[in-house]
2 protein chains.
Amino acid sequence: MDARTLCLGALQFGDVSGYEIKKLYEEGDFSHFYETSFGSIYPALNRLVEDGLAVCTEQAQDKRPDKKVYSITAKGRQVFAEALQAAPTPDRFRSDFCFTMVFAHLLPVTRLAQLLDQQAGWYGENIRRMESGACAALHDASPAQRFIHGLGLAAYRAAADYLIQNKDALLEDAAAEHGGAHRAA
Amino acid sequence: MDARTLCLGALQFGDVSGYEIKKLYEEGDFSHFYETSFGSIYPALNRLVEDGLAVCTEQAQDKRPDKKVYSITAKGRQVFAEALQAAPTPDRFRSDFCFTMVFAHLLPVTRLAQLLDQQAGWYGENIRRMESGACAALHDASPAQRFIHGLGLAAYRAAADYLIQNKDALLEDAAAEHGGAHRAA
DNA sequence: GGTTGCATGTAAATGGTTACATGATTGT
DNA sequence: ACAATCATGTAACCATTTACATGCAACC
């Protein structure tokens, strides 16, 4: 999904500014499965207007810079619907944590413990965010939106539960190996 | 994690060629949380040799192109261990599937059904791969490797279970809405 | 005869992140 | 005072993906 499609998606819910799109992908519901930065959003919005897929209305605000609010056009809706028909690329998961864990034996045990705690904390934060009232999927959402919300939550919870239930045993193993029991290997 | 660190990681297990590194990240255990292509591996390996982090031995093969087998040096091990100390960047998940589902109401019900089936199939395939003997985490692995193997499997299974248990209800909802019940909205 | 696997590599194109630039207001 | 929020935008940098280039062997 390129930045243009991501912006068109944000515009489906109503008129928004570039700044608001950023928030949606940074803190909002979309942040769990996509990200973007200003550097990609602003140029994408300009191209959208150039291509007639969106229109821009400048709103003067006092004591703030002008706000550029974008609206999707009929052509934009059509292009977006076509983009959704395309075969989705497979999910991609990138994890420094998992990579690092493969080489856990090269790490001090205290560092390993820290890593596991941080990861558990990260899962917990995501779960809390998805369960909190700030999550749009909990009030105005369509069945499909509630569905993916539930899917994400199920995966996060499974990972968090697994981590919490198994980390102590792992840490004990690691401590035993570093603690002079090298002959056993 | 840049391509150089990814290659150093692969070299931890013993001498390998660029081609073999690609396989590790494409079909092997690493493929679940990282990916790379020839275009990034070959230049990365050359830089590794330039910087003295790896050495290359050319192996003549008959009826095949020469094989360039790389070995990590002491300096390489040191640089890699240092790279592991750095704070891992947070996990990143990218999903066209989730994005598309947010706009499920723009899709024909048959297409929605297809999408859900494909996703279920994809989860199933990953689970099967991780449970099969081809998965290195099941024989020669360290406790930490078995740990992340279990973590991944737990998350995949939770997602797959959720999807299978909820997709029919979602499909019925979607069918009802497309099937003339638009007044209800 | 076509595809897949083995095996290496380059170059162009793509596209995103990061950092910079600006500036007022509000909260700590 | 300092940081954060609101608000937009550019440009350099970085890296990866994609496509191209080559070639034989084995399998279907």
Side-chain angles (χ1 to χ4, degrees), chain A residues 1-8 10-11 15-28 30-31 33-51 54-70 83 89-90 92-94 96 99 134, chain B residues 1-8 10 15-28 30-31 33-51 54 56-70 83 89-90 92-94 96 99 134:
Chain A
M1 291 284 169
D2 53 24
R4 270 172 43 252
T5 309
L6 259 25
C7 287
L8 284 178
L11 290 173
D15 302 352
V16 277
S17 65
Y19 192 83
E20 286 161 344
I21 292 176
K22 171 84 186 307
K23 278 208 302 188
L24 180 66
Y25 284 100
E26 197 182 65
E27 309 156 22
F30 282 56
S31 65
F33 48 82
Y34 263 107
E35 263 175 74
T36 24
S37 55
F38 286 134
S40 62
I41 291 170
Y42 286 125
L45 285 170
N46 287 331
R47 267 205 60 190
L48 249 29
V49 172
E50 266 177 51
D51 297 347
V55 288
C56 174
T57 317
E58 226 148 325
Q59 286 180 357
Q61 301 184 115
D62 58 60
K63 316 199 170 175
R64 291 231 174 280
D66 286 4
K67 200 177 188 174
K68 287 190 173 182
V69 176
Y70 294 85
T89 60
R92 274 208 317 263
F93 178 65
R94 295 294 161 90
D96 277 13
F99 182 83
Chain B
M1 293 284 169
D2 53 25
R4 270 170 45 250
T5 310
L6 259 26
C7 287
L8 284 178
D15 301 352
V16 277
S17 65
Y19 192 83
E20 286 162 343
I21 292 175
K22 170 83 186 305
K23 277 208 302 187
L24 180 66
Y25 285 101
E26 197 181 64
E27 308 155 23
F30 281 57
S31 65
F33 48 81
Y34 263 107
E35 263 175 75
T36 24
S37 55
F38 286 134
S40 61
I41 292 170
Y42 286 125
L45 286 171
N46 287 331
R47 267 205 59 190
L48 248 29
V49 173
E50 267 176 51
D51 297 347
C56 174
T57 318
E58 225 148 324
Q59 285 180 355
Q61 301 184 115
D62 59 60
K63 314 200 169 170
R64 291 231 173 281
D66 286 4
K67 201 179 187 173
K68 288 189 173 181
V69 176
Y70 295 85
T89 60
R92 280 209 313 267
F93 178 64
R94 295 294 161 91
D96 277 13
F99 182 83

> Between B/Phe30 and B/Tyr25, does the ring centroid distance fall short of 6.0 Å?
Replying inline: yes
> Rounded to the Å, how far apart are A/Leu24 CG and D/dC6 C1'?
Replying inline: 17 Å
> CG/A/Leu6 to CD1/A/Ile41 distance, rounded to the nearest 0.5 angstrom?
Replying inline: 8.0 Å
>> Distance check needed: D/dT8 P versus A/Glu58 CD, whole Å only.
In response: 9 Å
> Has B/Tyr19 got a side-chain N or O lying under 4.0 Å from the OP1 or OP2 atom of C/dT8?
Replying inline: no
> Which nucleotide in the set D/dG9, C/dC6, C/dG9 lies at the smallest distance from any side-chain heavy atom of B/Lys23?
Replying inline: C/dC6
> Can you check the B/Glu27 CD to C/dT4 P distance for me, whole Å?
Replying inline: 13 Å
>> Distance check needed: D/dT22 P versus B/Tyr42 OH, whole Å only.
In response: 17 Å
>> Can you identify which nucleotide, out of D/dT10, D/dG9, C/dT10, has its nearest atom closest to the A/Pro43 side chain?
In response: D/dT10
> Quick one: does NZ or CZ of B/Lys67 land under 6.0 Å from the six-membered ring centre of B/Tyr19, within 45 degrees of the ring axis?
Replying inline: no
> Can you check the A/Glu26 CD to D/dA7 C1' distance for me, whole Å?
Replying inline: 14 Å
>> I need the minimum non-hydrogen distance between B/Lys68 and B/Cys56, along with the two atoms involved.
In response: CB-SG, 3.7 Å
> To the nearest angstrom, how far is B/Ile21 atom CD1 from C/dA7 atom P?
Replying inline: 13 Å
> What does nucleotides 11-22 of chain C look like as a protein-contact string, B for base, S for sugar-phosphate only, - for none, at under 4.0 angstrom between heavy atoms?
Replying inline: -----SBB----
>> On a heavy-atom basis, which atom in B/Ser40 and which in B/Ala3 lie closest, and how many Å separate them?
In response: O-CB, 3.8 Å
> In whole angstroms, how far is the C1' atom of C/dA7 from the CG atom of B/Asn46?
Replying inline: 14 Å
> Roughly, in whole Å, what's the span from CG in B/Leu45 to P in D/dT16?
Replying inline: 13 Å
> Less than 4.0 Å between a side-chain N and a carboxylate O, is that true for A/Lys22 and A/Glu26?
Replying inline: yes
> Is any side-chain nitrogen or oxygen of A/Lys67 closer than 4.0 Å to OP1 or OP2 of D/dA7?
Replying inline: yes
>> Looking at every non-hydrogen atom in both residues, tell me the closest pair between B/Tyr70 and B/Ser17 and how far apart they are.
In response: CD1-CA, 4.5 Å
